[in-house]
Every structure is written in C-alpha cells, then in structure tokens.
A.B. asks: 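Structure in structure tokens, see below.
Note that the structure is a prediction, hence the values are computed from the model and not measured.
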Amino acid sequence: MKKATKFLIIIMLIGTIGLLIYRISNGIYYRIPTDLSLFVVLLIPIVLNKYVSLSNIDKLVIYIFIFIADFLGCVVNLFKYISWFDTFTHFLSGIFFFYVGLRVLYLFKAYNKNIYFNIVFALGVVFSSACIWEIFEFFMDRFFNMNLQHYKDTGVLDTMEDIIACSLGGVLATFIYKKVNDKLKKI
C-alpha cells in the first residue's frame, strides 16, 4: 500500500512539474494556478492525518481519487478532452464519499451493527458532498468568472448530471457494501 501511494504521489509531482515547465515555456499561463493547486491538494491527507488516524488503505484511496479527479481531470485536463470524464469522476466521487462516510462512522466509533444505519449515513455523506461541490462550483463561476458548471452553454444540465452521477456511485457502493457485509456474516 505504501509503495502504491508513494508511486502515485511521485507520478503526480513529476507530471505536474513537467506540465508547469511546458506551460511556462510556451506562455500558457492561465493553466498555472490549476497546476499549482495540486501541490496544495496533495497536502490534504497529510494535514488530515494529524487530526484523524488514517490507515494506509485510507491514504491510498484518497490519493487514487486525487490522481483521477485533480491530476488527470484538472492538471492533465482530461475534463476538456474526454467528454465523459467529468461524469465518470463524479460517479467515482459517489463511491469515494460512501467509503468516507463508513470511515467517519468507524473513526468516531459510531459504526453500527445495523447495516441500514451505516448505509443511510454513508449515502448522506455522498449526497451532501455532491451538493457542497456544486455550491463550490457555483461560487467559483460567479466570483471568478469561471465556467465550472458550464452554465454558459448547458445551464443546469452539467450540475444535474454531476449530482446524479455522484448519487449513482453512492448507490452502487451501497450494493457492494451490502453484498460484502452479507458474505462476511456467513463466515
């Protein structure tokens, strides 16, 4: 686990530094803030680990999500070049935040033997994360004249697709979690 996590971090750092050099040397300055933001995002698990004890699996899951969403999506800019990548990332975020919801329960010793309590809580984290993210995009669009929600060309369509994709990811995670839980009861 630790080796896979370190490998992901190294790939992201080398890739971002390479793209920064390329963009600066070619005068593509508008992408630099996005590239630099990755260095801040990579610190999130380190800071989080100071307050909550993260397992090696937790760290790997977080860095995989950062790799897909921030590095591939924003830095490499696959959101622009692959039409379905944004929806795919939001779908994965539903699975990721379902996992986060279960880990929150576990870390605060609130994980319940009643599987349906755990599912409802984790889905609440999924739906809340989708809502909070879309509010963040809305404010970035309004205050920094960005177009994260693609409101200039699609209106509410992108926002709804993002929320639905995240929600479907959470529902899929629910079925996986229930199936694994049922199998563990049989052991």
Side-chain angles (χ1 to χ4, degrees), residues 1-49 54 56-100 126 129-170 172-173:
M1 295 288 165
K2 286 183 179 182
K3 287 182 181 180
T5 301
K6 286 180 184 178
F7 177 75
L8 277 175
I9 293 169
I10 290 168
I11 292 295
M12 288 187 277
L13 289 172
I14 291 171
T16 303
I17 291 168
L19 283 168
L20 268 169
I21 292 168
Y22 170 80
R23 289 175 177 147
I24 290 170
S25 63
N26 288 291
I28 308 171
Y29 301 117
Y30 74 96
R31 298 287 308 155
I32 292 173
T34 301
D35 296 344
L36 293 175
S37 72
L38 179 77
F39 297 112
V40 175
V41 172
L42 288 175
L43 294 175
I44 292 172
I46 295 166
V47 172
L48 190 58
N49 197 45
L54 297 176
N56 289 331
I57 293 172
D58 294 339
K59 292 173 192 172
L60 180 61
V61 167
I62 293 168
Y63 282 114
I64 287 171
F65 188 71
I66 291 171
F67 178 78
I68 293 168
D70 198 8
F71 179 70
L72 292 178
C74 297
V75 176
V76 176
N77 207 13
L78 291 186
F79 290 138
K80 179 179 179 181
Y81 299 110
I82 299 176
S83 62
W84 51 264
F85 197 77
D86 180 57
T87 303
F88 172 72
T89 304
H90 282 280
F91 179 79
L92 289 180
S93 77
I95 296 169
F96 173 75
F97 281 106
F98 190 90
Y99 175 81
V100 169
V126 169
S129 70
C131 179
I132 290 166
W133 181 256
E134 293 306 318
I135 290 169
F136 167 77
E137 283 187 348
F138 174 81
F139 280 106
M140 294 302 285
D141 288 348
R142 292 291 181 233
F143 293 119
F144 297 104
N145 197 30
M146 299 174 86
N147 192 23
L148 298 173
Q149 293 184 302
H150 304 283
Y151 68 93
K152 294 176 182 174
D153 33 74
T154 64
V156 76
L157 181 64
D158 178 71
T159 300
M160 291 310 300
E161 284 177 351
D162 293 350
I163 290 173
I164 291 167
C166 181
S167 299
L168 288 174
L172 174 65

A.B. asks: When rounded to the nearest 0.5 angstrom, what is the spacing between CZ in Phe96 and CD1 in Ile62?
C.D. replies: 5.5 Å

A.B. asks: When you measure from the side chain of Asn49 to the backbone N and O of Leu54, does any donor-acceptor pair fall under 3.5 Å?
C.D. replies: yes

A.B. asks: Taking the inter-plane angle between the rings of Phe88 and Phe85 on a 0 to 90° scale, is it parallel (under 30°), tilted (30 to 60°) or perpendicular (over 60°)?
C.D. replies: tilted

A.B. asks: Please examine the side chains of Leu42 and Tyr63, heavy atoms only from C-beta on, and report whether any two atoms are closer than 4.5 Å.
C.D. replies: yes

A.B. asks: Quick one: pull up OG1 in Thr5 and CD1 in Ile57 and give me the separation to the nearest 0.5 Å.
C.D. replies: 10.0 Å

A.B. asks: To the nearest 0.5 Å, how far apart are OG1 in Thr159 and NE2 in His90?
C.D. replies: 8.5 Å

A.B. asks: Can you find a heavy atom in the side chain of Val100 that is under 4.5 Å from one in the side chain of Ser129?
C.D. replies: no

A.B. asks: Between Ser25 (side chain only) and Tyr22 (backbone N and O only), is there a donor and an acceptor less than 3.5 Å apart?
C.D. replies: yes

A.B. asks: Quick one: pull up CG in Leu38 and CG in Leu13 and give me the separation to the nearest 0.5 Å.
C.D. replies: 7.0 Å

A.B. asks: Give me the atom names and distance for the closest heavy-atom approach of Phe67 to Ile11.
C.D. replies: CE1-CG2, 3.9 Å

A.B. asks: Kindly say whether Cys74 contributes a backbone atom to a donor-acceptor pair with the side chain of Arg31 at under 3.5 angstrom?
C.D. replies: yes

A.B. asks: About how many Å separate CG of Leu20 and CG of Asp35, when rounded to the nearest 0.5 Å?
C.D. replies: 4.5 Å

A.B. asks: Please determine whether the number of non-hydrogen atoms from other residues, nucleotides or ligands lying under 6.0 Å from atom CD1 of Ile28 exceeds 12.
C.D. replies: yes

A.B. asks: Less than 4.5 Å apart, any side-chain heavy atom of Asn56 and any of Leu60?
C.D. replies: no

A.B. asks: Taking the side chain as every heavy atom from C-beta outward, state whether Phe71 and Val41 have any atom pair closer than 4.5 Å.
C.D. replies: no

A.B. asks: Should the heavy atoms of other residues, nucleotides or ligands under 6.0 Å from CE of Met1 be counted, would the total exceed 12?
C.D. replies: no

A.B. asks: Rounded to the nearest 0.5 Å, how far apart are CG of Leu19 and CD1 of Ile14?
C.D. replies: 12.0 Å

A.B. asks: Find out whether Leu168 and Leu172 are in side-chain contact, i.e. whether some heavy atom of one side chain is under 4.5 Å from a heavy atom of the other.
C.D. replies: no

A.B. asks: Considering only heavy atoms from C-beta outward, does the side chain of Cys131 approach that of Ile135 to under 4.5 Å?
C.D. replies: yes

A.B. asks: Any side-chain heavy-atom pair from Leu48 and Asp58 closer than 4.5 angstrom?
C.D. replies: no

A.B. asks: With a 4.5 Å heavy-atom cut-off, do Phe138 and Glu134 have their side chains touching?
C.D. replies: no

A.B. asks: What closest approach, in Å, do Gly169 and Ile95 show between heavy atoms, and which atom pair accounts for it?
C.D. replies: O-CG1, 3.3 Å

